[in-house]
Amino acid sequence: MSKSNNDKKINVLFMGTPEFAIPGLKALINDPCYIVKAVYTKIDKPQGRGKKLNAPPVKILAQKYNIPIYQPNTLKTEKENIKKINPDLIVVIAYGKILPVEILELPRYGCINVHGSLLPLYRGSACLNAPIINGDEKTGISIMKINEKMDAGPILKQFEIKLNSDSNLEYVHDTLSQLSGQVLVPTLNDWINGKLKAKPQDDEKATYVKMLKKEDGRIDWRKGAPEIDRLIRGLNPWPGTFTYANHKLIKIIAAQVAPFTKKQKLKIGEVFLDSGNLTVKCGQGNLFILKLQIESGKIMSSRDFIKGHNNIIGQILK
RNA sequence: CGCGGGAUAGAGCAGUUGGCAGCUCGCCAGGCCCAUAACCUGGAGGUCGUCGGUUCGAGUCCGACUCCCGCAA
């Protein structure tokens, strides 16, 4: 029995929080070459109706495998603890906190981050939404070495997926999340074995996306129908897109650009029926509303909605 | 005990001061038409979320419970 390099197990410290990080963490747990020594995740937050404390998905998965869990408010005081864990590698996927420089240099293979966009495009937290909202033809994930600037480290490898006029946030989130689970371990293997070189990003081409706020989902019907459609696809299910009809909140879950524009004397935001579709007049073109949700109601198709809310026709959405 | 909305036909909703359970759509049968997400005629389909209370009488008023949802996170 001879021991080759491949038989050495890599001690990993994993940092992540939401559902998006789960496939990556699972891949590391299930791979015999890696040992997840500990997990850092955000603190449990009171959420849901009734203020119950809810554990982040990463914590729940770590508990299942009896992996030690740390949930500090800040990493600035964690240097000693991480030294004690003594990881060969830190893997960060959607952790939600910035790593101090002093921690970046602790593991011998560095700190590796999986980011949900094709860097240097869309540095920041809304990286999944931005490509959809902007109508890009592709997006993807970037596996990179973390440096002192946010999402600006040199890239080990990138993986693309194509976007089309149907792609919504849920699709991009799930696809990229699954993809990261598939490619993380092979990429790390290559990195550790010296088969990959980290290529610096072209900072000139970098773009940044701000953290999304609820108000970003307020629909401005003066905009063109295609632009509004992209916003709806890029923001659902979270933070969601909404408008008001007669001062009541209506969430717009899914829409579709009307195939042709009728020349009608309608006000912007006015609701009408076009071939049985609930349709809204936009600044440019019309938009079919396919799925929506009213206050206290479940998500329903606009067809179902019309059956009991005939008075919506002729109202102006604001 | 964070705030609030809701449960009525397959779907979406209305139901007033308690007094025969309604509307739109769908479904079934038939009709009309070159044609339609169109129109006409007829029909089926409900233990009004659950349990208890008040009452001559409760979808409606009172109490408890279950489930669903919005805000907030």
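Numbers restart at 1 for each chain; the letters A, B, ... are given by sequence-line order, proteins then strands.
- As the counterpart of G52(B), C62(B) is assigned, both hydrogen-bonding distances of the Watson-Crick or G-U wobble pattern falling under 3.5 Å.
- Distance, Q47(A) CD to A72(B) P: 14 Å, rounded to whole Å.
- Note: F242(A) and Y244(A) have perpendicular aromatic rings, judged against thresholds of 30 and 60 degrees for the angle between ring planes.
- As a whole-Å value, the separation of K213(A) NZ from A72(B) P is 14 Å.
- Between K307(A) atom NZ and G22(B) atom P the separation is 21 Å, expressed in whole Å.
- Just one residue in the list K157(A), Q201(A), H115(A), Q158(A) forms a side-chain hydrogen bond (donor to acceptor under 3.5 Å, both in side chains) with S142(A), and that residue is Q158(A).
- Taking atom CD1 of residue I312(A) and atom P of nucleotide G12(B), one finds them 17 Å apart after rounding to whole Å.
- Among the heavy atoms of the strands lying under 4.0 Å from K214(A) are primed sugar atoms or P, OP1, OP2 only; no base atom is included.
- Around atom NZ of K97(A), more than 12 heavy atoms belonging to other residues, nucleotides or ligands sit under 6.0 Å away.
- Nucleotides G26(B) and C40(B) are separated by 12 Å at their P atoms, to the nearest Å.
- For the C1' atoms, the distance linking G15(B) with C20(B) amounts to 14 Å, nearest Å.
- In this entry U41(B) has A29(B) as its Watson-Crick or G-U wobble partner, both defining distances falling under 3.5 Å.
- Following rounding to the nearest Å, R49(A) (CZ) and C71(B) (P) show an atom-to-atom distance of 9 Å.
- Comparing C13(B), C71(B), A73(B) against the side chain of I294(A) picks out C13(B) as the nearest.
- Summarising the local packing, CZ of R218(A) is surrounded by more than 12 heavy atoms from other residues, nucleotides or ligands at distances under 6.0 Å.
- Atom CD1 of I250(A) and atom C1' of G12(B) are 14 Å apart (whole Å).
- The same atom, C1', is picked in C34(B) and in A21(B); the two are 43 Å apart, to the nearest Å.
- Across all strands shown, G22(B) forms a Watson-Crick or G-U wobble pair with C13(B), both key distances being under 3.5 Å.
- Nucleotide G70(B) has C3(B) as its partner under the Watson-Crick or G-U criteria, with both atom distances under 3.5 Å.
- The C1' atoms of U60(B) and G22(B) are separated by 15 Å, rounded to the nearest whole Å.
- Closest contact between the side chain of D304(A) and the listed nucleotides G70(B), G5(B), A11(B) involves A11(B).
- RNA chain B is contacted by both G276(A) and Q293(A); G276(A) maps to the nucleotide lying nearer its 5′ end (nearest heavy atom per residue).
- When heavy atoms are screened at a 4.0 angstrom cut-off, G308(A) is found touching base atoms of the nucleic acid.
- Between the C1' atoms of A44(B) and C27(B), the separation comes to 9 Å (whole Å).
- Taking 4.0 Å as the cut-off between side-chain N and carboxylate O, D220(A) and K318(A) do not count as a salt-bridged pair.
- Using a 4.0 Å cut-off between a side-chain N of Lys or Arg and a carboxylate O of Asp or Glu, K281(A) and E270(A) do not qualify as a salt bridge.
- G10(B) sits 29 Å from U17(B) when the P atoms are compared, rounded to a whole Å.
- At whole-Å resolution of the value, CG in L273(A) and P in C25(B) are 12 Å apart.
- No hydrogens or angles were tested; on distance alone, a donor-acceptor pair under 3.5 Å links the side chain of R303(A) to the base of A37(B).
- For C62(B) and U55(B), the P atoms lie 16 Å apart once the distance is rounded to whole Å.
- With distances taken from any side-chain atom of K298(A) to the nucleotides G70(B), C69(B), A37(B), the minimum falls on C69(B).
- At the phosphate of A73(B), neither OP1 nor OP2 sits under 4.0 Å from any side-chain N or O atom of K42(A).
- Taking atom C1' on both nucleotides, C13(B) is separated from U8(B) by 10 Å, rounded to a whole Å.
- With Y34(A) as reference, N189(A) is the one residue of N189(A), N11(A), D88(A) to meet the side-chain hydrogen bond (donor to acceptor under 3.5 Å, both in side chains) rule.
- The side chain of S275(A) has A37(B) as its nearest neighbour among A37(B), C71(B), G12(B).
- Following rounding to the nearest Å, L53(A) (CG) and A72(B) (P) show an atom-to-atom distance of 19 Å.
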